[in-house]
Amino acid sequence: MDLLTCRKLGRCLLVRVHGPARENGWLERAADELASAFEDVNLDEEVWTVVLSYPGDAFRQAYAQRQSFGELRHLFMLPEVVGRIRKPVIAALHGNTDGFGMELALACDLRIGTEGASYGMAQLEHGCMPMAGGTQRLARVIGTGMALEMILAGRRLDDRTALDIRLIDRIAAPDQLLDTALTMARGIACCAPLAANCCKEAVHGALDHTLDRGLRMEMDLYFLLFSSRDRFEGITAFRERRPPRFEGV
Amino acid sequence: MSSFETVMYEKSEGIARITLHRPEAHNMYNVRMRDELHEILGAVALDEDIRAVILRGSGDKAFCAGSDLDDFLTAPAAVRARQIRVNRDVVERLRTLPQPLIGALHGLVFGMGMELALFCDIRIAADNAIFGMPEVGLGIIPGAGGTQNLPRIIGLSRALDMLLTTRRMDAQEALAAGLVSQVVPAGELLTAAESIAKKIASFQPIAVRNAKQAIRQGIDMTLEQGLELERAMAELTNRANRAPHVAGS
């Protein structure tokens, strides 16, 4: 079986990582293939949203076998690659999700998990610490208190708790996971993609700026969108009480 | 009661009440309302007698259902529109308002209505309130602080969920998300807001203003800078408290 499959479904790029696999070199291949799957996504005008689906423990085995930072460096670049995607990215997580699997999910905008799954960030149990953004992104998503408890005390969250504190945004039955993610992606793709991308940029930027600077950034993005045809279409459609036909321009 | 057209303004016993007043149009924010709010907020900020401010909407349908498309979305050139915004910057007046702002939210709280609510320091909702950010579905993004305040208040995940999927929240979900701190029956909304305002107005006004400033500015600083700001504010507060005795002796 291929390590991963990439498919375009309408406006959505679906990237599925199969696994977990245990043969030598899987981790390096996974990192390389994922990085190349996302390489052109910002330039591809057919793609408005991305769904990244993987078993939550896909990287666990490979990760446990290699400890040195050098060996894992490729992998650690992945959340960076995902974080630089300017379009909305939805993570669809099969089953229990830990460590690097969580770090990758945290680089996405929205996360969908499966019923009964649990979530952990207990790299300390293996003698290392989160290195792929976990110490930075986890606290931004769920707050400092719970992030510290997950990282320092190895607390695992069950699906309901993870949903309550919005570590994950939806829970789906395992056989409904992809459908749920694709439905959400289609919902987002009903919106104007340039506006969605600007919105994503502004919201992520909010936590990195003072309110004063952030408001300025938002204002500039807001007025930048005046130049898009979709803005005219969105407003016209609203007034004519019909669904808009956005084109991404 | 002053003679504004789209906003009712009134103050008594240290409490100012700003009421969005276009009930025939769900209190939608238009150019006139922007200019009147700009004027009112400017005056409130300078009024030493005012210790707390309540922001609410007229009628029983809506706090504010968004911006009036007729006024804002058929816009002049982007650069000109941005210049107008900077010249009549209601957002900046809200951001820098020294007194606590209490939002009493009922019915539709959409778009610009949400953005006004998000600038409030305390938000309470009637049980019939519905919250939504429909902007990206119209090909635009929030332009009055929505992308910056929302993640600060309800966290990154919920903010992205609300903005990218344009999913609405009812009052109970808003309470669970921390978007509002209290939900009351619609008939008791104003009483509840008044009682919060009275409580705040009963405190030492300098202490209230300085506490607000320390929290608002501190959240954007490093902890070290925030602690320094808090110490400076506390010292100012203590000095102000002692001043009347010095003058009277």
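Quick caveat: nothing in here was measured; it's all calculated off a predicted structure.
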| query | Can you find a side-chain donor-acceptor pair between A:R156 and A:S118 that sits under 3.5 Å? | reply | yes
Check: [X] side chain, [Y] main-chain N or O, donor-acceptor pair, under 3.5 Å:
X: A:E103; Y: A:G134; result: yes
X: B:N27; Y: B:F63; result: yes
X: B:Q225; Y: B:T222; result: yes
X: B:E115; Y: B:G145; result: yes

In terms of heavy-atom proximity below 4.5 Å to chain B, should [X] be classed as side chain, backbone, both, or neither?
X: A:R229; answer: neither
X: A:R213; answer: neither
X: A:R137; answer: neither
X: A:D212; answer: both

With a 4.5 angstrom heavy-atom cut-off, is it the side chain or the backbone of [X] that approaches chain A, or both, or neither?
X: B:Q217; result: neither
X: B:P134; result: neither
X: B:V79; result: neither
X: B:R82; result: both
X: B:A176; result: neither

Quick check on the interface: out of [options], who has the most heavy-atom pairs with chain B under 4.5 Å?
options: A:D230, A:D169, A:V141; value: A:D169
options: A:G214, A:P244, A:C190, A:G205; value: A:G214
options: A:A192, A:A206, A:A189; value: A:A206
options: A:D220, A:T49, A:L221, A:I165; value: A:D220

| field | Neighbours of chain A found in residues 94-110 of chain B - heavy atoms under 4.5 Å | value | B:R95
Sidechain N-carboxylate O distance under 4.0 Å for [X], [Y]:
X: B:R32; Y: B:D68; result: no
X: A:E80; Y: A:R84; result: yes
X: A:E233; Y: A:R242; result: yes

| query | Is there any side chain to side chain donor-acceptor pair (under 3.5 Å) pair reaching into residues 196-208 of chain A, and which pairs are they, with sequence neighbours excluded? | reply | A:D109-A:K200, A:D109-A:H204, A:R140-A:D208
| Looking at residues at least two apart in the chain, or sitting in another chain, which of them share a ring-ring contact (aromatic ring centres under 6.0 Å, His included) with A:F223? | A:F226
| query | In terms of heavy-atom pairs under 4.5 Å, which option from B:T165, B:V91, B:D161, B:L163 contacts chain A the most? | reply | B:D161
| task | With rounding to the nearest 0.5 Å, note down the distance linking CG in B:L20 to OH in B:Y29. | result | 9.5 Å
| query | What residues form a side-chain contact (heavy atoms from CB on, under 4.5 Å) with A:L194, not counting sequence neighbours? | reply | A:L225, A:S228
| query | Which heavy-atom pair separates B:I54 from B:A197 by the least distance, and what is that distance? | reply | CD1-CB, 3.8 Å
